[in-house]
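Note on naming: letters A, B, ... go to the chains in the order of the sequence lines (proteins, then strands), and numbering restarts at 1 for each one.
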Amino acid sequence: MKQLPIMQVLPDLKRILTDRAAAILIAEPGAGKTTAVPPAFLEEPWLAGKTILMLEPRRLAARSAAAYMASCLGESVGQTIGYRMRMDTKVGRNTRIVVVTEGVLTRMLQSDPSLGDVGLVIFDEFHERSLHADLGLALALEAQSVLREDLRILVMSATLDGERVASLLGEAPVVRCPGRTYPVETVYVPEAGNATAEKSAATAVRRALAEQPGDVLVFLPGEREIRRTEQELASGSLPPGTVLRPLYGQLPQPQQDAAVAPAVEGERKVVLATSIAETSLTIEGVRSVIDTGLRRTQVFSARTGMPRLTTVPVSKASADQRRGRAGRTAPGVCYRLWSREAHDHLPDDNVPEIMETDLAQLALELALWGVRDPGALAWLDAPPAAPYAQAMALLRQLGALDAGGSITLHGRSMAVLGAHPRIAHMLLRAADLAAAPLAARLAALLQERDLFRGPAALDSDLTLRVEALLGFERSASSGGADPAALRAVQRESRSFLAQLRAAPGEGPGDISRSGLLLSFAYPDRIGQERGNGAFLLSGGRGAAMREGQPLARSPYIVAPGVDDRAGQSRIMLAAALSEQDLLKHHADSLLEEREVYWDSESGSVKARRVTRLGALILKQMTHERATPEETESVLLKVIAAEGLQLLPWEKGTLQLRQRMEFMHSQRADWPDMSDEALTDTLEEWLAPYIQGMRNLRDLQRVKLTQALEGMLDWNSRQQLNKEAPTHITVPSGSRVPLDYSNPGAPVLAVRLQEMFGQTDTPRIGGGKVPVLLHLLSPARRPMQITSDLASFWQNTYFEVKKDLKGRYPKHYWPDNPLEAVPTNRTRPTK
DNA sequence: CTCTCCCT
């Protein structure tokens, strides 16, 4: 132990903490900080009669750290060194160092904010930035500043921006310590064009096996990619003695053990792993690491209140951590399946959990601490506003907070249970209904990994898991389910039963009540069947489960397991629920109201009395009749939403609208006739003309011309006829209609011959606007477009005339059009 | 053939 690098910095640390309240230790991997630092303080005078609390992010790490420290003292765990975690505690009367896992620290702080006889709190692996470590530090800092000025805090981390933590801890000194690992060469192998991560990984595995000695560790984002890479490798030839070992959290324990165990003599191991091998598990003998640079992560959507799994690039810190796994026992090589340039664009660090997770638990803990605004505490990264607001809303819905945001008695009971607030609420409601035994089992099933693997896992029905668990409880037979998962669920459910003071042996009764119990936990995820496996959820989202399973045909379900996807979410775990139970047990949340609405199927206004649960309509009575006022208001809304084309725009009506639009373009005091303006003012101009109407067919009878004219007074109508006439009488005597479809330039389309004798362009708009003339051939083909008739006669006419004379020799094409007789026939009548 | 990783 003497030769560990950490030994050199221990005197510094001791000196600093003698008169400072906080310190930061940044130690690279292999420095030995976890087991060397805590015992170093045991003899310090300021720690006399007090204990050390060290926070570890994982149970396995906490137990092994305690075991190692105890063995160094020649003791067993539970004497000077102990640990405390959920359902497993080894602490004695003389214990002075207690290694705890994350939830435990929060509970200890909540039950005694002054932390009793604790003299030093150590946060190990703080760079992982887990939600509980961030929360624990925030609470410990407040305890220190308000109640315990003598409490010391030591933050230990592998890689971390030391300055930011130092300033959070009142400019605490930072001690750095080198690590002791072997050098690892980094090789960048950019993916070739369209190759998938699996194909590139397989290619790199063959290369590593050829170039390097020892075992190979491959980092892939998830189970699917692991399976594909395995197939990819198995389909080609591998050097003799090569064994493939998948490794991920959902994998049954024996297979995980096989991946971690050293390769047997004569074999070389290729471990295909998720990020579980980045920190949680150590695999001896690895000399090559292949990193796809991807990781799967859960991001919480505050908008939907659901999690979403996404595949994202790793951070530089994470890539370095993965690389380090090749240099634990000897020098190694790390093949990165991306380019040097791409590496520069990777984020420095992983996003802290507090920034993208569900904050319901955090918000409940803060409420219990007496804080409504998280800004009252000191954070490295404060909880983001949107998820925090969503969390507060959920806690209010569950009755954990009152309207003012303060914790209720119910909320206090929930917090103590040490489960997600949704689950805690379910357990308490179930206890009131004498259904605690079933609720405890459901809670355990939801908190542990799925009992089912392979095709069985594709059935979303949670009650099948309850049945598998009961079978295991009765006969200890796993019946195809994962035995280690069954044991974990059983342990967990017993612990919940104990907390609810229910007898451990008590059976769950009628398991068809599962849906009802779960609906207390997920009031926003009660689904109403929509066909083809699709459901509308009470929270307003659409969601779908795999078709073909019986559960997909239940009229009502509750969905604890969902994955938020674009469009509609995916349901992974659910249970059926009866309408009767829904109406009875969610009576407080039901909203009964009379509703007048647009039935798009029949295209008519209808009225109904509905019973709503969030976005769901549980019951409706359609024998209601809408009043004329209600009908009118719904019709106007439909026209506003669907557009004015629902109205009968006949030719004359359209021309009237266009003429009025022309007037508006000339005179600002005339009404705006654009779609937008008309839609905004339906109430004023259309309402009087739809009285008594109820549907689309009725709308076809609207007297639209009258409605438009109704917008004008008598004087304006006279002005309209004068300044925007429907027709113009041309020299030949014909009344030619004006086309206003472009209100900026009304068009008069007229045969050229009919205009003989007219010098100037006809004008409208009180003489201000010359019309745009479309001068036509006798066959009404446009020959010329002009708004300057005088210039036409003088110039272009003579060219046009030649052309016309050729094509229409019998017609009259005079040399002096201004003195010729206009005509609407072939030649003027003599 | 839908599922990263932890923890009270």
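With the nearest nucleotide of DNA chain B identified for both A:Ala419 and A:Gly222, A:Gly222 has the one nearer the 5' end.
Within 4.0 Å of A:Glu223, counting heavy atoms only, lie sugar-phosphate atoms of the nucleic acid but no base atom. Residue-level contact check: A:Pro455 touches neither bases nor backbone, having no heavy atom under 4.0 Å from any strand. At a threshold of 4.0 angstrom between heavy atoms, the contacts of A:Leu309 include nucleobase atoms, whether or not backbone atoms are also involved. Backbone-only contact: A:Gly103 has heavy atoms under 4.0 Å from sugar-phosphate atoms and none from a base. Note on A:Ser280: only backbone sugar-phosphate atoms sit closer than 4.0 angstrom, heavy atoms only; bases stay farther off. Among the protein residues, A:Thr106 comes within range of no part of the nucleic acid, since none of its heavy atoms lies under 4.0 Å from any strand. Note on A:Ser130: nothing from the nucleic acid sits closer than 4.0 angstrom, heavy atoms only. If you check every strand for non-hydrogen atoms under 4.0 Å, A:Glu353 touches nothing. Here A:Arg227 lies out of heavy-atom contact (under 4.0 Å) with every strand. Across all strands shown, A:Arg449 has no heavy atoms under 4.0 Å from either base or sugar-phosphate atoms. Heavy atoms of A:Arg295 sit nowhere under 4.0 angstrom from any nucleic acid atom.
Taking the side-chain contact (heavy atoms from CB on, under 4.5 Å) definition, one finds that A:Glu547 meets it with A:Asn532, sequence neighbours left out. For A:Arg322, the salt bridge (Lys or Arg N to Asp or Glu O under 4.0 Å) partners two or more places apart in sequence, or in a different chain, are A:Glu278, A:Asp291. Judged as a salt bridge (Lys or Arg N to Asp or Glu O under 4.0 Å), and not counting sequence neighbours, A:Asp112 has no contacts.
In the 5' to 3' direction, nucleotides of DNA chain B lying under 4.0 Å from heavy atoms of chain A begin and end at B:dC1 to B:dT8.
For residues 486-495 of chain A, the salt bridge (charged side-chain N to carboxylate O under 4.0 Å, His left out) pairs, not counting sequence neighbours, are A:Arg86-A:Glu492.
Side chain to side chain, A:Arg84 and A:Thr101 fail the donor-acceptor criterion of an N or O pair below 3.5 Å.
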Give the table of side-chain donor-acceptor pairs shorter than 3.5 Å for residues 353-361 of chain A, with sequence neighbours excluded, one pair per line with atom names and distance.
| residue | atom | partner | partner atom | Å |
| --- | --- | --- | --- | --- |
| A:Glu353 | OE1 | A:Leu131 | N | 2.7 |
| A:Asp358 | OD1 | A:Ala360 | N | 3.0 |
| A:Asp358 | OD2 | A:His420 | NE2 | 2.7 |

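Between A:Asp320 and A:Arg336, at least one side-chain N (NZ, or NE/NH1/NH2) sits under 4.0 Å from a carboxylate O, which counts as a salt bridge.
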